[in-house]
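All remarks here apply to the structure that follows.
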Amino acid sequence: MLQKQIAQNRPGLTPRSSGADSVITYEYPLKERIRTLLRLEDLFERSRHFVARSDPHDHHMALLTMFEILEVASRADLKSDLLQELERQKQVLLSFRNNPDIAEEALNGVLRDIEQASAALFSMTGKIGQYLRENDWLMSIKQRTGIPGGACEFDLPSYHYWLHRPAEERTGQLAAWTAPLYPLRDGTAIILRILRESGKPQAVNAPQGMFQQMLGGKTAQMLRLRLDPTMPCVPEISANKYVLNIRFMAQHSEDNRPRTADWDVAFELTFCNL
C-alpha cells in the first residue's frame, strides 16, 4: 500500500522489469484509461532510450516513437483525466497528515511531486501536440512513415539530409520536440506508481497451467503477475466483474503450436486499484 510505502520511505518509480530482475512482471489493465497510461509509459521510456543515443537509426526510431506518443496522447480527455486523478490522490494523501505512522517528509515529497505534475499539465494549452501538427516537415515524415519503406532517401531527401546532420544537433531537436509532452509523462508516472503500490501481492498456484478466482464484487483497475523467468510460459488473462481466468501458455514447444502449460505454475498475483 502507498501508505505503508510512505511510512517506510519515499517511494520511487517502480520499474516493471529489467535484465537484473529475478522475476518477470506482467501487467494487465482492466480499464481503458489504465491501458492508455501504460502505453504512454512504454512509449516515453522507448523515446528516452532512442533520443539518448547518437546513431541515425536510433534517432529515426525516436521520431517514430514521438509520432506514436502523439497519437496515443490525442485522446480528448487524457489531460483532464490525469488532472482529476492527481487531485484525488492529493486529497487522499493530505488525509495522512499528522498520522504518527507516516513519515512527514516522505509524504510532503510525494505531495510536492503531484503539485508540480499538476501545474505542468495545467500549463499545457490547446490541443496536445498541436505544435507538432503545425510543423509541415514533421507531418510529411509522419505521413510517409505510415507506408512500409516510405521514408527512403528518394521519398524524403530533406529527412535523409537531417539524419546526416551532427548527432548533437539531432538530439537537441528531438529533445525540443518531445519536452513539451513531458507533463503527460510525469503525471502518468505518478499515477502508475501509486497504482502499482496499492495492492498486496499474494502467492498462488495454477494447477496444470490454469487459474480461476471468483471476484465476488472485488474491483481492480490492473493486475500484476510476477513469474520466475525460468518458467517457460506466459499468462493469457481474461477478467470481468465476476471472475478472473488466467491460462499459462507454454513457450518453445517442439511443434510451435500454442498449448496450455501441462505443469503447475507458481506465481505472484496483485490486484491494483487507485
Side-chain angles (χ1 to χ4, degrees), residues 1-18 21 23 25 27-45 48 72-73 75-125 128 179-203 215-226 241 268-274:
M1 301 289 285
L2 181 62
Q3 182 176 356
K4 180 180 179 181
Q5 294 285 344
I6 294 176
Q8 296 172 345
N9 49 46
R10 181 178 173 184
L13 291 180
T14 304
R16 284 177 295 167
S17 63
S18 72
D21 282 349
V23 296
T25 301
E27 295 183 331
Y28 185 81
L30 299 174
K31 301 291 183 180
E32 187 59 34
R33 179 178 60 160
I34 304 303
R35 189 182 304 273
T36 298
L37 296 185
L38 289 173
R39 292 190 196 282
L40 279 176
E41 179 188 58
D42 183 72
L43 288 169
F44 275 117
E45 177 59 24
R48 182 200 62 78
V72 174
R75 227 188 72 189
D77 53 353
L78 176 61
K79 176 184 168 182
S80 61
D81 277 355
L82 286 171
L83 283 169
Q84 289 174 16
E85 189 58 45
L86 287 170
E87 178 61 26
R88 192 173 75 85
Q89 294 301 325
K90 176 183 174 181
Q91 296 305 316
V92 171
L93 293 175
L94 283 173
S95 69
F96 296 158
R97 280 263 167 87
N98 302 318
N99 186 325
D101 295 327
I102 298 299
E104 197 74 16
E105 184 179 350
L107 176 61
N108 290 335
V110 180
L111 287 168
R112 185 166 54 249
D113 289 345
I114 290 177
E115 289 170 357
Q116 290 175 349
S118 296
L121 278 167
F122 192 77
S123 68
M124 295 179 74
T125 58
I128 292 175
L181 300 172
Y182 284 171
L184 298 175
R185 177 200 63 182
D186 297 340
T188 294
I190 291 173
I191 292 172
L192 289 179
R193 180 180 73 191
I194 294 173
L195 178 64
R196 287 176 175 129
E197 294 172 348
S198 68
K200 183 178 180 180
Q202 54 180 312
L215 298 180
K218 182 178 182 179
T219 60
Q221 292 175 308
M222 185 175 73
L223 300 176
R224 302 189 85 213
L225 281 73
R226 290 161 65 85
K241 60 183 178 180
E268 186 181 270
L269 176 64
T270 306
F271 291 86
C272 302
N273 218 353
L274 289 170

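What's counted below: heavy atoms across the whole structure, side chains too, no hydrogens, waters or symmetry copies.
- Within the 4.5 Å cutoff, the side chain of L215 has heavy atoms near those of the F271 side chain.
- With rounding to the nearest 0.5 angstrom, the CD1 atom of I191 is 9.5 Å from the CZ atom of R88.
- Closest approach of R75 to R33, counting heavy atoms only: NH1-CA, 3.9 Å.
- Side chain of S198 to main chain of C272: no donor-acceptor pair is present (N/O by atom type, distance under 3.5 Å, no hydrogens or angles).
- Contact between L184 and A73 at its shortest, heavy atoms only, is CD1-CB, 3.7 Å.
- The CG atom of L40 sits 6.0 Å away from the CG atom of L78 when rounded to the nearest 0.5 Å.
- Ion pair E41/R196 flagged as a salt bridge, since at least one NZ, NE, NH1 or NH2 atom sits closer than 4.0 Å to an Asp/Glu carboxylate oxygen.
- A side-chain contact (heavy atoms from CB on, under 4.5 Å) with L43 is found for exactly one of L38, V72, L181, namely V72.
- Summarising the geometry, atom CD belonging to Q89 is positioned 13.5 Å from atom CG belonging to D113; distances are rounded to the nearest 0.5 Å.
- The CD atom of Q84 lies 6.0 Å from the CG atom of D81; values are rounded to the nearest 0.5 Å.
- Between the side chain of Q221 and the backbone N or O of L274 there is at least one donor-acceptor pair closer than 3.5 Å.
- A salt bridge is absent between R112 and E115; no separation between the charged side-chain nitrogens and carboxylate oxygens falls under 4.0 Å.
- Counting heavy atoms from C-beta on, the side chains of K90 and V110 never come closer than 4.5 Å.
- At least one side-chain heavy atom of L121 sits less than 4.5 Å from a side-chain heavy atom of L86.
- By the neighbour-count criterion of 12 heavy atoms within 6.0 Å, atom OH of Y182 is densely surrounded, having more than that number from other residues, nucleotides or ligands.
- The side-chain heavy atoms of R97 and L111, taken from C-beta on, include a pair separated by under 4.5 Å.
- One distance of note links CG of L93 with CD1 of I114; it measures 5.0 Å at 0.5 Å rounding.
- Among residues two or more places apart in sequence or in another chain, the salt bridge (Lys or Arg N to Asp or Glu O under 4.0 Å) test is passed with R185 by none.
- Nearest heavy atom pair, residue P201 against residue T270, reads CA-OG1, 3.3 Å.
- The side-chain heavy atoms of I194 and E85, taken from C-beta on, include no pair separated by under 4.5 Å.
- N108 places a side-chain N or O within donor-acceptor distance of the main-chain N or O of E104, the cut-off being under 3.5 Å.
- Of the possible polar contacts, none joining the K79 side chain to the I128 backbone as a donor-acceptor pair under 3.5 Å is found.
- Between atom CG of residue L269 and atom CZ of residue R226 there is a gap of 12.0 Å, rounded to the nearest 0.5 Å.
- For the pair L192 and L37, the tightest heavy-atom approach, listed with the atom from each and the gap, is CD1-O, 3.7 Å.
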